[in-house]
Participant: 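The structure under discussion is supplied below as structure tokens; questions concerning it will follow.
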Amino acid sequence: MTLRMLFDEIRANVQKISGELGYPAVTFDLSEASKPEFGDISCNIGFLLSKHLKKRPSDISESIAKKYQECKKELVSEVRVHPSGYLNFVANYHVLIRNIMHLSAEKNYGQIDLGKNSRVVVEHTSVNPNKALHIGHVRNIIIGDTVARILHKACYDVKVLNYVDDSGLQVADIIVGFRFGGFSIEPPQGQKFDHYCGDVVYVSVTERYDKEPSLAEKRVLVLKELEEGRSDIAKLGDQITKRVLEEQLKTCWRLGASYDCLNFESQIVRSGLWKTVFEKMKSMGIIYLEEGGKNSGCWVIRSETEAEEDKVLVRSNGIATYIAKDIPYASWKLGILEDPFYYKKYATQKNNQTLWETTLDNTGTRHDFTGNMVITVIDSRQSRLQKIITKIISDFKSASKSYVHLGYESVTLSHDTAKTLNLDTGGKSVQMSGRKGIYVNADYVLDILGVKTYEEAKKRNPELGEEQLVRIAEQVAVGALRYTMIRQDLDKMITFDMTESLSLEGDTGPYIQYAYARAVRILEKSGQEPRLDAASFDLLATAYEKELAKTIGKFDIQVEDSAKNLSPKIIARYCYDLAVSFNSFYEHIKVLAAESADTTNARLCLVWSFKETLEKALCLLGIDAPDRM
RNA sequence: GGGCCUGUAGCUCAGCAUGGAUAGAGUGCUGGACUUCUAAUCCAGUGGUCAAGGGAUCGAAGCCCUUCGGGCCCGCCA
């Protein structure tokens, strides 16, 4: 039994009793007690019925409690009524702890079958392949990757896509730099190619457009050739973007993200999907050819309200706009169109997962990367455009298909961090901009964090070898970064501050990882395997032990909650709660020096169960659990 | 002008979907705990008119309305 079964039992019994007492059916709430003296689970049914019955809440709770004593109550040891009116339940810890210990020992503990193996497509990352990833992109990657992991745990068949806009203006800019701006294709010694393209070429070229109109003219030319393909410039573009992409993916993998397929925009453009979608929209009458007004000659989608402007999909010169390019891709993701693509292997990732890429060349193999539900992770500045796409898609789809824009607020740079980039923001935080060079690269942050975590690890573990220290440092650095990107709500802005991000204490990834390492050490030093079947869990009698066991028992509830709400922070908070419970236990309860061998064994089982559960929960966050740190 | 998000302790944030018990963490500050399973830890103290006002309710941080502050979006750019 996990906590969930305790909830279920109470719910069923209260419902039954309430019916037997002739009370009207109400949807009452069961929640975890907010304080220890209120027991484990609280029920608000007294308040809800008090209106109907014109009785005091506590009297109603009292009558239910009285009857509850009589019915079979396997998982509840005590029913109490609080003067406030709450009906409180104390769990039967004898049964509760034993069951939690056994269930948490199972390999798939925490798994919950919400998805019934139905296909969900998650698209994230999707960074223009002309620059290195900065911390704003990191938030996207971590949200997408974490949501994908959580949905997988909730038994969805998850496919992860990364859309590569290799034929857009941003790529054209760096090609202009290489072809006409005098930039060497090779970066200076020691610089990663993506950093070179973004930090040097892209920033300089866009700056020069103002002063050099000839360069700006080349931009249009390059863009056109990129879209058409085949020319020398298009080949150069292909070569450059592939190289940048390769470097970007190294950073993504370093962060622990992985993908199933890379979708190239150039191929979507060349596949002819747009034409099909365009005809479909025309025949369905959801777009209109304007014959007058400011959008004369354009195909537009009309806004639903007066205040909003119509949106142009096809310009009067016949070329589709940016948003129009997204519609065939969105339709493809939902499997609305016939798949024009073949797939070839791009790489094998760290976790042994194959990464495929789209190709129009029929030497590739066929695969299905589409789904009935599609989640697109893009920051909320794109909300308006995403809303239009959602609307169009909903006109296309059959009822069982859905397109979800998972939005999040952007990452800005703190005043102090902006200052290190020679920007005076007058005390305010500032929006990042790749074009203006206002950003902090992800690799840079990881490197700085890595130096700090390395020093800490070395200080604490002087006997460890270099290789092991470096590995721990990297795990902790990634854990720290991933956790800060996921711990708060998606619709809250993150103000990134370099100094603050180096803090590794309190509500942070390393705090949680540290609790794990402590648990591992206890198990190591005990010199014995915890014997689950021989354990007498009644020996786990202190509040610290009960609290820890109870927290372990909540895993599946948290997975369900976060999967249903697409809310990764729920798992982040759960990991933190687990670590807090454990650290408190650790400080107050001796495991190895317990009163008896039986107590030691029971506590070892608890520690082991904690370790296993935390490892699984951290895995959902893509955070490694180090044995030492 | 229209749309989306946001406002809770000095700072960073939980809690709001589904109203109910004395509003919680971290950080900061003050003090305490390492001959002990690793102090990236723990314990105690400090700190709040839940932006403001109104409404419905027995009951509001939460629901409804108004106002104010902050961020973002509104191109035949991507």
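Residue numbers begin at 1 in each chain, while the letters A, B, ... track the order of the sequences. Hydrogens, waters and symmetry mates play no part in the numbers below; they use all other heavy atoms, side chains included. Since we're looking at a predicted model, the values are computed, not measured.
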Participant: Can you find a donor-acceptor pair, distance only, under 3.5 Å between A/T321 side chain and B/A78 base?
Facilitator: no
Participant: What is the distance, rounded to the nearest whole Å, between atom CD1 of A/I301 and atom P of B/C76?
Facilitator: 14 Å
Participant: Distance check needed: B/G26 C1' versus A/Y483 OH, whole Å only.
Facilitator: 9 Å
Participant: Report which part of the nucleic acid A/Q488 touches: base, sugar-phosphate, or nothing (heavy-atom distance under 4.0 Å, all strands).
Facilitator: sugar-phosphate
Participant: Pick base, sugar-phosphate or nothing for A/I323, based on heavy-atom distances below 4.0 Å to the nucleic acid.
Facilitator: nothing
Participant: Return the stacking result for B/G59 and A/F47: yes when the ring centres lie under 5.5 Å apart and the planes under 30°, no otherwise.
Facilitator: no
Participant: Base, sugar-phosphate or nothing for A/E37? Non-hydrogen atoms, less than 4.0 Å.
Facilitator: base
Participant: Quick one: do the A/Y329 and A/E265 side chains pair a donor with an acceptor below 3.5 Å?
Facilitator: no
Participant: Work out how far the C1' atom of B/U6 is from that of B/A14, and round it to whole angstrom.
Facilitator: 16 Å
Participant: Between A/Y511 and B/C42, is there a contact of a side-chain N or O with OP1 or OP2 at under 4.0 Å?
Facilitator: yes
Participant: For A/E587, what residues pass the salt bridge (charged side-chain N to carboxylate O under 4.0 Å, His left out) criterion, not counting sequence neighbours?
Facilitator: A/R518
Participant: When you compare B/U22 with B/U30, how far apart are their C1' atoms, in angstrom units rounded to a whole number?
Facilitator: 24 Å
Participant: Please report, rounded to the nearest Å, how far the C1' atom of B/C72 is from the OH atom of A/Y408.
Facilitator: 13 Å
Participant: Choosing from B/C73, B/U38, B/U41, which nucleotide comes nearest the side chain of A/R381?
Facilitator: B/C73
Participant: Sticking with atom P, work out how far B/C42 lies from B/U27, rounded to a whole angstrom.
Facilitator: 8 Å
Participant: Can you identify which nucleotide, out of B/A78, B/C43, B/U38, has its nearest atom closest to the A/A517 side chain?
Facilitator: B/U38
Participant: Reckon A/K428 has a side-chain N or O less than 4.0 Å from the OP1 or OP2 of B/G71?
Facilitator: yes
Participant: Roughly, in whole Å, what's the span from CD in A/Q382 to P in B/G71?
Facilitator: 20 Å
Participant: Go nucleotide by nucleotide along RNA chain B from the 5' end; which of A/N295 and A/K51 gets its closest nucleotide reached first?
Facilitator: A/K51
Participant: Tell me, please, which residues at least two apart from A/D166 pass salt bridge (charged side-chain N to carboxylate O under 4.0 Å, His left out).
Facilitator: none
Participant: Write out a two-atom table: protein N or O, nucleotide N or O from nucleotides 2-5 of chain B, distance below 3.5 Å.
Facilitator:
residue: B/C5; atom: O2'; partner: A/D491; partner atom: O; Å: 2.9

Participant: Does A/R315 put a side-chain nitrogen or oxygen below 4.0 Å from OP1 or OP2 of B/C77?
Facilitator: yes
Participant: So, for A/P626 and A/M629, which heavy atoms are closest and what is the spacing to 0.1 Å?
Facilitator: CG-SD, 4.0 Å
Participant: When the ring planes of A/F278 and A/W274 are compared, do they come out parallel, tilted or perpendicular, using 30° and 60° as the limits?
Facilitator: parallel
Participant: Could I get the full list of salt bridge (charged side-chain N to carboxylate O under 4.0 Å, His left out) partners for A/K458, not counting sequence neighbours?
Facilitator: none
Participant: Evaluate side-chain hydrogen bond (donor to acceptor under 3.5 Å, both in side chains) for A/Y514 paired with A/N583, printing each intermediate quantity in order.
Facilitator: CA-CA 9 Å; A/Y514 183 65; A/N583 275 329; over 6 Å; no
Participant: Within the structure shown, what part of the strands sits under 4.0 Å from A/Q431 by heavy-atom distance: base, sugar-phosphate, or nothing?
Facilitator: sugar-phosphate
Participant: Describe the nucleic acid contact of A/S503 in one word from base, sugar-phosphate, nothing, applying a heavy-atom distance below 4.0 Å.
Facilitator: nothing
Participant: Mind running a 4.0 Å heavy-atom check of residues 565-576 of chain A against RNA chain B and sending the residues that fall below it, in number order?
Facilitator: A/N565, A/K569, A/R573, A/Y576
Participant: Strictly distance-based, threshold 3.5 Å: is any side-chain N or O of A/S126 a donor or acceptor partner for the main-chain N or O of A/Y163?
Facilitator: yes
Participant: Between A/Y202 and A/R435, is there a cation-pi geometry (under 6.0 Å to ring centre, at most 45° from the normal)?
Facilitator: no
Participant: Aromatic contact between A/F38 and A/Y86, with the criterion being ring centroids under 6.0 Å apart: yes or no?
Facilitator: no
Participant: Using the P atom on both, measure B/A60 against B/G19 and round to a whole Å.
Facilitator: 13 Å
Participant: Return yes if a side-chain donor-acceptor contact under 3.5 Å exists between A/N88 and A/S42, otherwise no.
Facilitator: yes
Participant: Is A/R80 paired with A/E62 through a side-chain N to carboxylate O contact shorter than 4.0 Å?
Facilitator: no
Participant: If you measure from the P atom in B/A25 to the same atom in B/G15, how many Å do you get, rounded?
Facilitator: 15 Å
Participant: Just grab all the side chain to side chain donor-acceptor pair (under 3.5 Å) pairs involving residues 590-607 of chain A, residues at least two apart or on different chains.
Facilitator: A/E545-A/R603, A/S596-A/T599
Participant: Would you classify A/V314 as touching base, sugar-phosphate or nothing, given that sugar-phosphate means primed atoms plus P, OP1 and OP2, and contacts are heavy atoms under 4.0 Å?
Facilitator: nothing
Participant: What distance, rounded to whole Å, do you find between the two C1' atoms, one in B/G48 and one in B/C11?
Facilitator: 14 Å
Participant: Report the residue (A/S34 or A/L169) whose heavy-atom-nearest nucleotide on RNA chain B is the more 5′ of the two.
Facilitator: A/S34
Participant: A/E309 CD to B/C77 P: how many Å, rounded?
Facilitator: 14 Å
Participant: For the pair made of CG in A/D577 and C1' in B/G26, what is the distance, rounded to whole Å?
Facilitator: 12 Å
Participant: Please state the C1' separation for the pair B/C5 and B/G31 - nearest whole angstrom.
Facilitator: 42 Å
Participant: I'd like to compare against my own output: the B/S/- annotation of nucleotides 28-37 of chain B with a strict under-4.0 Å heavy-atom distance to protein.
Facilitator: --------BB
Participant: Please give, in whole Å, the distance from B/C77 P to A/K311 NZ?
Facilitator: 9 Å
Participant: Under a cut-off of 3.5 Å for both distances of each Watson-Crick or G-U pair, what dot-bracket string does RNA chain B give, using [ ] for crossing pairs and | for inter-strand pairs?
Facilitator: (((((((..((((......[...))))((((((.......))))))....(((((..]....))))))))))))....
Participant: Determine whether a donor-acceptor pair (one donor, one acceptor, N or O, separation below 3.5 Å) exists between the side chain of A/N88 and the base of B/A21.
Facilitator: yes
Participant: With a 4.0 Å cut-off on heavy atoms, is A/D29 in touch with a base, just the backbone sugar-phosphate, or nothing at all?
Facilitator: base
Participant: Kindly write out the residues that satisfy ring pair (Phe, Tyr, Trp, His ring centres under 6.0 Å) with A/H415, not counting sequence neighbours, or none if the list is empty.
Facilitator: none
Participant: Using a cut-off of 4.0 Å on non-hydrogen atoms, how would the nucleic acid contact of A/A33 be classed: base, sugar-phosphate, or nothing?
Facilitator: nothing
Participant: Identify, with sequence neighbours excluded, every residue that meets salt bridge (charged side-chain N to carboxylate O under 4.0 Å, His left out) alongside A/R139.
Facilitator: none
Participant: Classify the nucleic acid contact of A/S296 as base, sugar-phosphate or nothing, counting any heavy atom under 4.0 Å across all strands shown.
Facilitator: base
Participant: Could you pull out every donor-acceptor pair under 3.5 Å between side chains of residues 566-576 of chain A and any protein atom, sequence neighbours left out?
Facilitator:
residue: A/K569; atom: NZ; partner: A/D489; partner atom: OD1; Å: 2.3
residue: A/Y574; atom: OH; partner: A/T551; partner atom: O; Å: 2.7
residue: A/Y574; atom: OH; partner: A/I552; partner atom: O; Å: 3.3
residue: A/Y574; atom: OH; partner: A/F555; partner atom: N; Å: 3.4

Participant: Over how many whole Å does the gap from A/K294 atom NZ to B/C74 atom C1' extend?
Facilitator: 10 Å
Participant: State which residues pass side chain to side chain contact (heavy atoms under 4.5 Å, CB included) with A/E474; sequence neighbours excluded, sorted by chain then number.
Facilitator: A/R254, A/V478
